[in-house]
Peer 1: 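Got a structure for you, written out below as structure tokens; questions coming shortly.
Just so you know, these numbers use all the heavy atoms, side chains as well, and skip hydrogens, waters and symmetry mates. Residue numbering restarts at 1 for every chain, and letters A, B, ... go by the order of the sequence lines.
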Amino acid sequence: GQQLNQSPQSMFIQEGEDVSMNCTSSSIFNTWLWYKQDPGEGPVLLIALYKAGELTSNGRLTAQFGITRKDSFLNISASIPSDVGIYFCAGPPKQGGADGLTFGKGTHLIIQP
Amino acid sequence: DAGITQSPRHKVTETGTPVTLRCHQTENHRYMYWYRQDPGHGLRLIHYSYGVKDTDKGEVSDGYSVSRSKTEDFLLTLESATSSQTSVYFCAISDLKNIQYFGAGTRLSVL
């Protein structure tokens with residue numbers, strides 16, 4: 001099946017730093033989703049992207065839908081302790097289908113005091 | 001958790017026993033999903049439903065069955081649990097835009 005490759009796998013940063021992570025696919029996606037998961041909880045949707053080139057913000061988070069439709073980027077500005085968690089990219093593998101999402105393996109964000 | 005309740009939240013069981021996990025939603029969404037989450041694998045789709053009594057297999061469906069007799073409930077059954085099914089199980093629901101909302105998860109240990 002289709003795979004989403006997320007990088008980096010882990011990030012160790014200092015509070016206040018900006019964060020960048022990305023997700024790539026070998027095939028085209030028509031929707032890109034970014035989720036965050038806190039320990040012991042389910043993933044929570046952060047941002048949804050629907051058009052190639054789209055840039056969308058949610059507070060300190062900004063995500064972009066790559067022009068090639070095979071990648072997406074998530075940036076977090078001025079990180080704070082509550083940003084710690086696992087960030088997943090995801091997308092529906094089939095256009096218009098509701099038969100599940102393909103997920104990347106996640107980027108672990110760790111903030112050092 | 002977008003009106004999604006998973007039960008139980010934690011369960012320990014023995015190899016060979018049947019186990020049923022329940023997902024209940026109050027959003028009246030048509031689509032419901034079961035995923036499992038394992039270290040190094042991320043979230044993988046087990047089964048999904050696109051309506052009452054309409055279900056289909058996902059990427060890792062072997063050893064699992066599902067049922068949906070009402071819009072609000074989606075059950076995941078392990079007919080005979082194995083140690084490889086030790087995992088965290090998440091239910092998700094979806095509206096027409098493919099955006100999925102997740103429950104809090106069920107942590108299952110098969111000894």
Side-chain angles (χ1 to χ4, degrees), chain A residues 1-10 21 23-25 28-51 54 56 58 63 65 69 72 85-109, chain B residues 1-7 9-10 21 23 25 27 29-51 54-61 64 66 68 74 76 87-107:
Chain A
Q2 295 177 327
Q3 292 185 345
L4 295 179
N5 300 305
Q6 275 190 256
S7 64
Q9 285 189 321
S10 301
M21 60 188 77
C23 190
T24 61
S25 171
I28 289 173
F29 277 73
N30 293 307
T31 300
W32 283 96
L33 306 172
W34 284 94
Y35 286 86
K36 182 192 178 210
Q37 186 177 26
D38 292 327
E41 299 183 13
V44 174
L45 182 69
L46 298 173
I47 294 178
L49 302 161
Y50 299 104
K51 295 181 184 178
E54 180 181 356
T56 297
N58 178 6
F65 193 139
R69 295 162 68 189
S72 180
I86 306 175
Y87 292 80
F88 293 99
C89 62
K94 297 179 183 177
Q95 183 176 1
D99 49 354
L101 295 173
T102 296
F103 281 82
K105 294 184 179 180
T107 293
H108 293 242
L109 180 60
Chain B
D1 292 335
I4 307 168
T5 303
Q6 290 188 234
S7 59
R9 292 294 316 277
H10 301 273
L21 308 182
C23 179
Q25 61 146 328
E27 305 296 321
H29 283 347
R30 176 181 174 185
Y31 303 99
M32 298 186 74
Y33 308 84
W34 278 107
Y35 292 86
R36 59 179 290 173
Q37 185 175 32
D38 305 289
H41 290 280
L43 286 140
R44 293 180 293 173
L45 183 67
I46 305 171
H47 281 279
Y48 64 98
S49 170
Y50 44 95
D54 290 325
T55 65
D56 207 343
K57 296 179 180 180
E59 178 188 358
V60 290
S61 60
Y64 301 96
V66 290
R68 192 167 178 202
F74 192 32
L76 177 70
S87 186
V88 182
Y89 291 86
F90 288 99
C91 172
I93 64 174
S94 177
D95 56 13
L96 297 177
K97 293 185 177 180
N98 284 325
I99 293 176
Q100 296 185 12
Y101 303 96
F102 286 80
T106 294
R107 186 172 295 274

Peer 1: Taking the six-membered ring for Trp and the full ring for Phe, Tyr or His, determine whether the centres of A/F103 and B/Y35 are under 6.0 Å apart.
Peer 2: yes
Peer 1: So what's closer than 4.5 Å to chain A heavy atoms on B/L45: side chain, backbone, both or neither?
Peer 2: side chain
Peer 1: Heavy-atom distances under 4.5 Å only: say whether A/L101 touches chain B with side chain, backbone, both or neither.
Peer 2: both
Peer 1: Thinking salt bridges, do B/D95 and B/R30 make one under a 4.0 Å N-O criterion?
Peer 2: no
Peer 1: Identify which part of B/R9 has an atom lying under 4.5 Å from any heavy atom of chain A, answering side chain, backbone, both or neither.
Peer 2: side chain
Peer 1: Does the side chain of A/H108 come within less than 4.5 Å of A/Q9's, by heavy atoms?
Peer 2: no
Peer 1: Side chain, backbone, both or neither: which part of B/Q37 has a heavy atom under 4.5 Å from chain A?
Peer 2: side chain
Peer 1: Can you find a pair of side-chain heavy atoms, one from A/V44 and one from B/F102, that are under 4.5 Å apart?
Peer 2: no
